[in-house]
Amino acid sequence: MAELDDNKALVRRFIGEIFERGNEAAVDELAAEEFELHALPSSGDGREDMRRAIERVHGGLADVEFTIEDMVAEGNRVAVRLRSSATHTGTFMGMPATGKHYSIEEIHLFRIDDGKVAEHWHQMDQMGLMKQLGAAPGS
């Protein structure tokens with residue numbers, strides 16, 4: 001049970017430090033050397049891909065917040081359902097700033113190896129995001 005609690009604590013810290021605060025230094029501390037980021041195009045260096053993602057996200061969004069709603073751990077996997085929100089203040093996903101705030105649900109799956117995040121998968125409500133930013137029909 002302690003290992004599952006440790007894995008969940010690591011994932012909470014990963015979400016807070018990397019996703020929410022955009023702390024690039026935390027990438028090397030929390031992600032394994034062979035880290036694989038499955039939700040984004042890969043350069044072959046998962047840690048560097050994560051740092052570039054941080055730059056893109058935090059360059060285009062302000063007031064970034066992640067609220068964990070459910071977390072389930074089994075073996076070396078941790079699944080998280082969360083709500084992310086932010087204000088669109090710069091270029092993000094190819095869109096110039098709109099000044100709009102969004103809030104969407106996301107699902108993340110992490111594989112833990114030797115006390116570090118080894119793999120990450122991610123699904124998000126991209127249509128809901130685009131609607132809230134005014135970039136999709138029905139917005």
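A donor-acceptor pair shorter than 3.5 Å cannot be found between the side chains of E65 and S85.
For M127, the CE atom is loosely surrounded, since the number of other residues' heavy atoms within 6.0 Å does not exceed 12. Residue Q123 qualifies as open at atom CD: its count of foreign heavy atoms under 6.0 Å is 12 or below.
By the side-chain hydrogen bond (donor to acceptor under 3.5 Å, both in side chains) test, H120 is found to be paired with H108, residues two or more places apart in sequence or in another chain being considered. Under the rule for a salt bridge (charged side-chain N to carboxylate O under 4.0 Å, His left out), the partners of R13 that lie at least two apart in sequence or sit in another chain are E29. Not a single salt bridge (charged side-chain N to carboxylate O under 4.0 Å, His left out) links D114 to another residue, sequence neighbours left out. Taking N23 as the reference, E17 meet the side-chain hydrogen bond (donor to acceptor under 3.5 Å, both in side chains) condition, with sequence neighbours excluded. In this structure, the side-chain hydrogen bond (donor to acceptor under 3.5 Å, both in side chains) partners of D70, at least two apart in sequence or on a different chain, are R81. The side chain to side chain contact (heavy atoms under 4.5 Å, CB included) search around L61 returns V57, V64, A86, H88, F92, Y102, not counting sequence neighbours. With sequence neighbours excluded, the residues satisfying side chain to side chain contact (heavy atoms under 4.5 Å, CB included) with D49 are L37, S42, S43, R52. The side chain to side chain contact (heavy atoms under 4.5 Å, CB included) check on D6 picks up nothing, with sequence neighbours excluded. In this structure D28 satisfies the salt bridge (charged side-chain N to carboxylate O under 4.0 Å, His left out) test together with R47, R51, sequence neighbours excluded. In this structure, E74 has no side chain to side chain contact (heavy atoms under 4.5 Å, CB included) partners at least two apart in sequence or on a different chain.
Counting heavy atoms from C-beta outward, V11 and I68 have side chains that stay 4.5 Å or more apart. Looking only at side-chain heavy atoms (C-beta outward), I107 and H122 stay at 4.5 Å or farther from each other. Under the 4.5 Å side-chain criterion, counting only non-hydrogen atoms from C-beta, F19 is in contact with M50. Looking at L133 and K100, their side chains come closer than 4.5 Å, going by heavy atoms from C-beta outward. Looking only at side-chain heavy atoms (C-beta outward), M130 and M93 come within less than 4.5 Å of each other. Between L30 and F35 the shortest side-chain heavy-atom distance does not fall below 4.5 Å. Using a 4.5 Å heavy-atom threshold, the side chains of S103 and R83 count as touching. Residues D113 and N76 have side chains not in contact (no heavy-atom distance under 4.5 Å, counting atoms from C-beta outward).
Applying the under-4.5 Å side-chain rule to Ile, Leu, Val, Met, Phe, Trp and Tyr, the cluster around L109 extends to W121.
Here side-chain hydrogen bond (donor to acceptor under 3.5 Å, both in side chains) pairs that include residues 32-41, with residues two or more places apart or in two chains, are H38-E119.
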Any chance you could lay out the side chain to side chain contact (heavy atoms under 4.5 Å, CB included) test for L82 and E105, step after step, and finish with the verdict? CA-CA 6 Å; L82 57 78; E105 288 194 355; over 6 Å; no

